[in-house]
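Report on the following structure.
Every heavy atom of this structure was used, including side-chain atoms; hydrogens, water molecules and symmetry mates were not. Throughout, residue positions are numbered sequentially from 1 according to the sequence presented.
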Amino acid sequence: MSSLYTRSKEFPRSRRAQPESPPASPSPTAKALRHERLSRLESAASNPATSDPYADRASARARREAREARLASLTSRVEEGSSRDYRKLYESALTENQKLKAQLQEAQLELADVQSRLEKVAQRQEKTSDRSSMLEVEKREKRALERKMSEMEEEMKVLTELKSDNQRLKDENGALIRVISKLSK
């Protein structure tokens, strides 16, 4: 594998020459645009009416802190101008990263909390739907039993009528037997 990436003597390694002079100061229009962006960010941070009404406090706080951090980094860049201290830049980037990591952890904790709440609500809904389906099954069974009871009551009425008819026919049969026995004597 290393043979594929060997350097040829024909193409020696070269570095770009970095200019020794500090970068030119921004033009007045660039300054005006930067100032306008900063003022918009500040006004958006201070105006709660423009924020999302459905966002909760933690995410709003996280956005506000992120805006403040961006503003602080922008203002520190403007103040530094041509004399850049890379150690300070590294430290500021490191602190900003730490803040962002903390915000990310807070957001993840909040997300886990919301997910657990959502799961609980889903479980409750499943239980209530199970209960409602059980209630419907019980209602159907109750209706079926009521129908069966009414049918049995009807059969009982018919049965009592048949018993009374049977008794009447027995009585008539007995009377006929007596009449026949008297006639045959």
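One distance of note links CD of Glu126 with CD of Glu119; it measures 10.5 Å at 0.5 Å rounding. Rounded to the nearest 0.5 angstrom, Leu135 CG and Lys142 NZ are separated by 11.5 Å. Taking NZ of Lys101 as the start and CG of Leu104 as the end, the distance is 9.5 Å to the nearest 0.5 Å. With rounding to the nearest 0.5 Å, the separation of CZ in Arg67 from CZ in Arg70 is 7.0 Å. With rounding to the nearest 0.5 angstrom, the CD atom of Glu153 is 9.0 Å from the CE atom of Met156. In this structure, CG on Leu71 lies 12.5 Å from CZ on Arg64, to the nearest 0.5 angstrom.
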Side chain to side chain contact (heavy atoms under 4.5 Å, CB included) between Arg131 and Met134, worked out: CA-CA 5 Å; Arg131 287 180 187 162; Met134 291 296 288; 5.5 Å; no
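Ion pairing between Lys157 and Glu161 fails under the 4.0 Å rule for side-chain N and carboxylate O.
For the pair Lys99/Glu65, no side-chain contact is recorded, criterion being any heavy-atom separation below 4.5 Å from C-beta on. A 4.5 Å side-chain heavy-atom check between Thr95 and Glu91 finds every atom pair outside the cut-off. Inter-residue side-chain proximity for Gln125 and Val121 is flagged as met; some heavy-atom pair is nearer than 4.5 Å. Put simply, the side chain of Asp165 reaches to within 4.5 Å of the side chain of Arg168, judged on heavy atoms. Between Arg124 and Lys127 the shortest side-chain heavy-atom distance does not fall below 4.5 Å.
Residues passing the side chain to side chain contact (heavy atoms under 4.5 Å, CB included) test with Arg117 are Asp113, sequence neighbours excluded.
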